[in-house]
Amino acid sequence: MAKTKPVIITCAVTGAIHTPSMSPYLPVTPDEIRDAALGAAEAGAAIVHLHARDPETGKPSQETALFDQFLPDIKAKSDVVINLTTGGAPTMPVEERMGPAHHFAPELASLNMGSMNFGLYEMLGRFKEFEHDWEYPYLAESDDRIFKNTFRDIAHILDACGSNDTRFELECYDINHLYTAAHFLERGLLKAPLFIQSVFGLRGGIAGHPEDFMHMKRTADRLFGGDYHWSVLGAGRNQMNLGAMSVAMGSNVRVGLEDSLWDGPGKLAASNADQVQRIRSIVEALGLRVATPDEARDMLGLKG
Ligand SMILES: C[C@H](N)CC(=O)CC(=O)O
Ligand SMILES: [Zn+2]
């Protein structure tokens, strides 16, 4: 019987979209981000996806000096794979967004495969629940938010970071992003095996319905054959149900407070490690096992 591949768990510990006012457990300071990353690795994450924040305001920051306050510690205390954001925050220009990944030359960097209207969670059929929240600026202001990543921006990041042998977590928020990945593979700026992170449930992207899920998977299988590793990120309430579907299909999964603040209905996650532990228990309940950082390196062809 074919040996089942271990499941790669990625943990995105803080991100740029959620604000400290939304959860007291959101890591903000360099020490909090370090501890969250080490806790997630301890719980079973093979990869940690990292952003930085201004320790005073909690606002997203791509200051390399801030990353420098947690990266050396994480590397000294863990062999977890480091994945640095090139998405930064939607308001940042491409040079600012890609700064840390270009400077630190990590094994992995995230890369959004296109431009899009970048809302918070999709809320189709549930707007009434959110309507009263609308007076909160962070929800209304996301009505104007565009994340810009043109073909030229993407090519620039692929070229600049790729020349450091950094490989990419390709964030695909919709079907068209898969075709953009196929385009850059054909253009020789992307090398197989690809690491496709399908993002479900963000307002402006594809929703989190099982039909959407299967449509993304079928399209990726058609475009990339077996020469890619699929991972699934469900935003907000989609995190664990779509995560479970992904691992049940022998694929990989991303969790973390960047993507969802919850640990079960109505309960704020007290740590990133809690979410890693929850998805790990699902993986092991299915008779599968989680990948170690070195197994993830082998599977994804990372420079180590
Ligand atoms: C949905 C996630 N916020 C996607 C993300 O992690 C983008 C990035 O950092 O480049
Ligand atoms: Zn991110």
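Please read these numbers as outputs of a predicted model, since none were measured by experiment. Remember, it's 1-based here, ligands and their atoms both numbered in the order they're listed.
- Atom CZ of Arg152 sits in a sparse spot, with 12 or fewer heavy atoms from other residues, nucleotides or ligands closer than 6.0 Å.
- The six-membered or imidazole ring of Phe200 lies near that of Phe213, with a centre-to-centre distance under 6.0 Å.
- Closest to atom 10 (O) of ligand 1, if we only count protein heavy atoms, is Ser110 OG, 2.7 Å.
- Nearest protein heavy-atom neighbour of atom 9 (O) of ligand 1: Thr85 OG1, 2.7 Å.
- Proximity of His51 to ligand 1 is established by a heavy-atom distance of less than 4.0 Å.
- Closer than 2.8 Å to the Zn ion (ligand 2) sit the protein N, O or S atoms His49 NE2, His51 NE2, Glu258 OE2.
- Looking at atom 4 (C) of ligand 1, its nearest protein heavy atom turns out to be Tyr173 OH, 3.1 Å.
- Partners of Asp165 according to the salt bridge (Lys or Arg N to Asp or Glu O under 4.0 Å) rule, which considers only residues two or more places apart in sequence or in another chain, do not exist here.
- Scanning the protein heavy atoms around atom 7 (C) of ligand 1, the nearest turns out to be Asn112 OD1, 3.4 Å.
- The Glu258 neighbourhood of ligand 1 comprises atoms 2 (C), 3 (N), 4 (C), 5 (C), 6 (O), 9 (O), with distances under 4.0 Å to a heavy atom of that residue.
- Taking only nitrogen or oxygen atoms, main chain and side chain alike, Asp259 does not reach within less than 3.5 Å of ligand 1.
- A salt bridge links Lys77 with Asp73: the distance from a Lys NZ or Arg NE/NH1/NH2 to an Asp or Glu carboxylate oxygen falls below 4.0 Å.
- At least one heavy atom of Arg254 sits closer than 4.0 Å to an atom of ligand 1.
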